[in-house]
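Worksheet: the structure to be examined is printed underneath.
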Number of protein chains: 2
Amino acid sequence: MTGPSNTAPARKPRGRPPRIDQERAVATALAVLDAEGLDALTMRRLAAALDVQVGTLYGYFADKPALLTAMAERMLHGCAEPWPTGPDWQAQVTELARRMRLALLRHRDGARVYAGTRTTGPNTLGFADTFVGVLTAAGFTAEDAVRASFTVIRFVIGHTLEEQAGDDRLAADVESLHRALATEDYPRLTAAAHMITSADFEGYFEFGVRALVAGLGELPRNP
Amino acid sequence: MTGPSNTAPARKPRGRPPRIDQERAVATALAVLDAEGLDALTMRRLAAALDVQVGTLYGYFADKPALLTAMAERMLHGCAEPWPTGPDWQAQVTELARRMRLALLRHRDGARVYAGTRTTGPNTLGFADTFVGVLTAAGFTAEDAVRASFTVIRFVIGHTLEEQAGDDRLAADVESLHRALATEDYPRLTAAAHMITSADFEGYFEFGVRALVAGLGELPRNP
DNA sequence: ACCTGAACACCGTTCAAGT
DNA sequence: ACCTGAACACCGTTCAAGT
């Protein structure tokens, strides 16, 4: 294909071509995040990874929150589609919840980045749109569909935040937790100490989603 | 009462008496948080509020995370007690969830502070202990009681994080959200745009807790 | 048009020295 | 024992100047 393409012709570039672009910057930022964690992801560290001066970044992002928002938005890529394949809405909601958790888990501190921003990008809105679509297709009112999706999404964020929190923090507080449970101050917790210690996050997550889905099943629905 | 008190005698102080203490420092930090938000709460800002040099703070807190952890722990004061008064476990669980949300809402960025720390202090552990106690008293197994409390607590954190997120961020993204919903890209979301816009957080919260409690009701219980 | 280089006004943390 | 004062190694952000 060497003839004139049917896509819009690229504007004739004036001046020197950019060494970086938003997309590459976000991808590199996510790589730094994975390698070194959110606390180490500074504008200067990202600039170094892009082999560019710090100030250059401000031609692509208004400020650091804008960078983080772009990262959060990118994380949800692939969550809105395809339409969940489950046989009923319960399975479909579960599938969407799992999708979001896995998307956040894919990056170190992913939930912390996502929770700290307020993105209105296509991945986030598309995901919410699919979620609401699944529920309205199941006969929920538009209001309940929105409420239900928000409930599940907020649980996913709360859960994954906790799940990833251990990645950064020392095991020091695990020890202090053990010491606390060894006292007689929290008898009901101590009876289940083996659970709190183990931290089977996948199990906790599935339990939570199952409870949520079961609870939503009690709501009135149209045929 | 001027005689010798029955409390342990204060150790004879050597050197000059401390100008500050942990408790006053945490209280002042929470005041700064409320007045100026988490991003403005720097060690230097807190030192200024305490009328002390920055370095002094490191005699009371190992580092900034330790400060934030102490603040998070303090926020949950009064959540573990009294035992919830509701007539059944559903009402009691709801009461505990509301208690935690209100405790986090009491301080600006409260959920963000709490979610960013990993406290094993008596308020946090005591709250979990009460939560698990309510559920085991209702006949849930110890395992389910722990799983259920964690599920509810993580929903509360996820929800309140979102609820408080608007406090700091500009209304700029509300506008961009409106623009996005005005397109035809998110038909199911757009159908419920009036809900997403309004943001009746209390309603969302009650809906989520109700769904969660209803779902937990499906689990097997002992007499 | 895009990037550099340098500056500004901050951070968290450490530590000798004072009292 | 407790605090000061000063330093160290960083931050995010801005902006004139270069090419």
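Numbered from 1 within each chain, the chains take letters A, B, ... in sequence-line order.
Geometric assessment of A:R154 against the ring of B:Y204 yields a positive cation-pi assignment under the 6.0 Å and 45° thresholds.
Salt bridge annotation for A:R188-B:D129: present, with a cationic side-chain nitrogen under 4.0 angstrom from a carboxylate oxygen. In this structure, B:E206 pairs ionically with B:R98, as a charged nitrogen and a carboxylate oxygen lie closer than 4.0 Å. With respect to A:D144 and A:R147, a salt bridge is recorded, a charged nitrogen being found less than 4.0 Å from a carboxylate O.
Side-chain contact between A:T124 and A:Y114: present, with at least one pair of heavy atoms (C-beta onward) separated by less than 4.5 Å.
Applying the 4.0 Å criterion to OP1 and OP2 of D:dC2, one finds that B:Y58 has every side-chain N and O outside that range. Checking the phosphate oxygens (OP1, OP2) of C:dT4, a side-chain nitrogen or oxygen of A:R19 falls inside 4.0 Å. In this model, the phosphate group of C:dC2 is not approached by any side-chain N or O of A:T56 to a distance below 4.0 Å at OP1 or OP2. Here A:R45 does not reach the OP1 or OP2 of D:dC11: none of its side-chain N or O atoms lies under 4.0 Å away.
Contacts of A:V52 with the nucleic acid, taken as non-hydrogen atoms under 4.0 Å apart, involve only primed sugar atoms and P, OP1 or OP2. Residue B:L57 is classed as having no contact, given no heavy-atom separation below 4.0 Å to the nucleic acid. Backbone-only contact: B:I20 has heavy atoms under 4.0 Å from sugar-phosphate atoms and none from a base.
Between B:D21 atom CG and D:dC3 atom P the separation is 10 Å, expressed in whole Å. As a whole-Å value, the separation of B:L38 CG from C:dC11 P is 13 Å. Straight-line distance from the CG atom of B:L68 to the C1' atom of C:dG12: 12 Å, rounded to whole Å. Atoms OH (A:Y60) and C1' (C:dC3) sit 9 Å apart, rounded to a whole Å. For B:M43 and C:dC10, the CE to P distance is 18 Å, given to the nearest whole Å. As rounded to whole Å, 18 Å separates atom P of D:dA17 from atom CD of A:Q53. In this entry the distance linking CG of B:D39 with P of C:dC11 reads 12 Å, nearest Å. C:dT4 atom P lies 14 Å from atom CZ of A:R44, rounded to whole Å.
Where B:P18 and A:D63 meet DNA chain D, the nucleotide closest to each residue was compared, and B:P18 sits on the side nearer the 5' end.
Of all nucleotides present, only C:dT14 satisfies the Watson-Crick or G-U wobble test against D:dA6, with each distance under 3.5 Å. Using the Watson-Crick or G-U wobble rule with both distances under 3.5 Å, C:dT19 pairs with D:dA1.
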